[in-house]
Peer 1: 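Below are the structure tokens for one structure; questions will follow.
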Amino acid sequence: MSKPRGKPTQGARFLFLHNEEWKKLEGMSEMGSPALTVDDIDVTDFDSPAKETIPGSKDFGTFQLSGQYLPKAIAPNQALLESLAGAEAFPCRICLPDDASQKKYTVKECLASVKEFKGGDSKTFDKQTFSTTMKVSGETVRYDDVDVDDLLEESLD
């Protein structure tokens with residue numbers, strides 16, 4: 001029997017800083033990750049034998065989050081995230097477990113803002129769902145081998 005490939009996602013977390021406290025977005029079922037693209041700057045002039053470009057600014061773009069609405073006891077974090085739509089970018093952490101033990105995590109930390117929030121979708125005999133698109137502002141920093149107990153710490157350095 002062969003061993004499974006890849007890393008597990010059970011235990012993945014999306015954290016965001018609000019009022020100087022890290023909060024976990026509850027009810028998550030899907031989480032994207034910022035993707036780096038680099039703009040091209042056209043430097044072609046009349047003496048160029050062909051089109052010439054140089055690398056420009058980095059852009060970490062957008063990523064999506066989605067999940068299900070949970071009972072009132074833990075739903076306030078979802079409402080809080082919805083209320084931040086259109087507000088300034090705030091610190092976020094995308095935390096992915098390194099293995100099934102969920103003791104060590106790979107963390108991507110960035111500033112992001114809620115670009116779009118959609119909530120309350122429902123079907124007969126099914127749960128209500130939400131989805132949001134987050135827009136990254138600036139650079140994304142990656143931290144490896146972060147202990148699970150340190151995920152809510154002020155700094156991961």
Side-chain angles (χ1 to χ4, degrees), residues 1-39 57-157:
M1 185 170 162
S2 64
K3 291 184 178 181
R5 296 182 189 162
K7 291 183 178 182
T9 57
Q10 186 71 28
R13 303 160 192 215
F14 178 78
L15 307 173
F16 59 101
L17 192 64
H18 183 70
N19 292 335
E20 299 182 26
E21 182 182 343
W22 285 101
K23 299 187 178 287
K24 178 182 174 187
L25 182 60
E26 302 287 351
M28 295 284 301
S29 60
E30 291 184 43
M31 179 169 57
S33 185
L36 173 63
T37 59
V38 179
D39 295 332
S57 299
K58 295 177 184 177
D59 183 1
F60 286 89
T62 62
F63 61 95
Q64 278 69 41
L65 306 170
S66 63
Q68 58 188 335
Y69 278 109
L70 296 173
K72 290 181 182 179
I74 52 180
N77 284 351
Q78 295 162 340
L80 176 61
L81 190 63
E82 181 177 5
S83 75
L84 294 172
E88 289 186 23
F90 49 89
C92 301
R93 291 180 177 163
I94 297 168
C95 310
L96 300 171
D98 288 341
D99 59 32
S101 73
Q102 300 177 28
K103 294 181 191 233
K104 296 285 185 181
Y105 281 73
T106 298
V107 178
K108 291 183 180 178
E109 188 171 83
C110 63
L111 289 176
S113 57
V114 178
K115 185 173 180 180
E116 178 183 336
F117 190 94
K118 184 177 180 188
D121 287 349
S122 60
K123 298 176 187 173
T124 305
F125 304 114
D126 203 356
K127 60 191 174 279
Q128 289 186 24
T129 61
F130 71 90
S131 63
T132 185
T133 301
M134 305 293 292
K135 172 67 176 145
V136 177
S137 176
E139 206 160 2
T140 297
V141 179
R142 179 185 169 131
Y143 298 95
D144 293 312
D145 297 320
V146 177
D147 191 79
V148 67
D149 295 328
D150 295 335
L151 291 177
L152 299 176
E153 291 297 318
E154 182 178 328
S155 175
L156 296 177
D157 290 329

Peer 1: What residues, two or more places apart in sequence or in another chain, satisfy salt bridge (Lys or Arg N to Asp or Glu O under 4.0 Å) together with D149?
Peer 2: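 Here no residue qualifies.
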
Peer 1: If the condition is salt bridge (Lys or Arg N to Asp or Glu O under 4.0 Å), which residues does E139 pass it with, not counting sequence neighbours?
Peer 2: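 In terms of salt bridge (Lys or Arg N to Asp or Glu O under 4.0 Å), with neighbours along the sequence ignored, E139 is linked to K58.
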
Peer 1: Rounded to the nearest 0.5 Å, how far apart are CE of M134 and CD of Q64?
Peer 2: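 Between M134 CE and Q64 CD, I get 10.5 Å after rounding to 0.5 Å.
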
Peer 1: Taking atom CD of E30 as the centre, does the number of heavy atoms from other residues, nucleotides or ligands within less than 6.0 Å exceed 12?
Peer 2: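 Counting other residues, nucleotides and ligands, CD of E30 stays at 12 neighbours or fewer.
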
Peer 1: Would a 4.5 Å heavy-atom cut-off, applied to side chains only, mark V148 and Q102 as touching?
Peer 2: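 The answer is no, as the side chains (C-beta and beyond) never meet within the 4.5 Å cut-off.
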
Peer 1: How far does OH of Y143 sit from CG of D150, to the nearest 0.5 angstrom?
Peer 2: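 Here the interatomic distance stands at 12.5 Å.
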
Peer 1: Taking atom CG of L25 and atom OG1 of T132, what is their separation to the nearest 0.5 Å?
Peer 2: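 Answer for the CG-OG1 pair, L25 versus T132, is 8.5 Å.
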
Peer 1: Strictly distance-based, threshold 3.5 Å: is any side-chain N or O of E109 a donor or acceptor partner for the main-chain N or O of P91?
Peer 2: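 A pair under 3.5 Å: no.
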
Peer 1: Heavy-atom distance under 4.5 Å between the side chains of S66 and T129, does that happen here?
Peer 2: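 A side-chain contact under 4.5 Å is absent here.
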
Peer 1: Listed by chain and number, what are the salt bridge (Lys or Arg N to Asp or Glu O under 4.0 Å) partners of K103, not counting sequence neighbours?
Peer 2: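 Listed in chain order: nothing, the list is empty.
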
Peer 1: OG1/T133 to NZ/K118 distance, rounded to the nearest 0.5 angstrom?
Peer 2: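 Reported value, rounded in 0.5 Å steps: 10.5 Å.
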
Peer 1: Do the non-hydrogen side-chain atoms of R142 and T140 ever get within less than 4.5 Å of each other?
Peer 2: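 They are not in contact (no side-chain heavy atoms under 4.5 Å apart), so the answer is no.
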
Peer 1: Do D99 and K104 have side chains that approach each other closer than 4.5 Å (heavy atoms only, starting at C-beta)?
Peer 2: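 They are not in contact (no side-chain heavy atoms under 4.5 Å apart), so the answer is no.
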
Peer 1: Can you pull the side chain to side chain donor-acceptor pair (under 3.5 Å) pairs that have at least one residue in residues 11-22, sequence neighbours excluded?
Peer 2: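 Output for this query lists R13-Y105.
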
Peer 1: Rounded to the nearest 0.5 Å, what's the gap from OG on S137 to CZ on F60? Could you check?
Peer 2: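 If I round to the nearest 0.5 Å, the distance is 11.5 Å.
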
Peer 1: Please name all residues satisfying salt bridge (Lys or Arg N to Asp or Glu O under 4.0 Å) with D59, sequence neighbours left out, ordered by chain then number.
Peer 2: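 If we apply the salt bridge (Lys or Arg N to Asp or Glu O under 4.0 Å) test to D59, skipping adjacent residues, the hits are K135.
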
Peer 1: With sequence neighbours excluded, what pairs up with S33 under the side-chain hydrogen bond (donor to acceptor under 3.5 Å, both in side chains) test?
Peer 2: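 With sequence neighbours excluded, S33 shows a side-chain hydrogen bond (donor to acceptor under 3.5 Å, both in side chains) to K108, given in chain and number order.
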
Peer 1: Looking at CG of L151 and CG of L156, how far apart are the two atoms once the value is rounded to the nearest 0.5 Å?
Peer 2: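 Reported value, rounded in 0.5 Å steps: 7.5 Å.
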
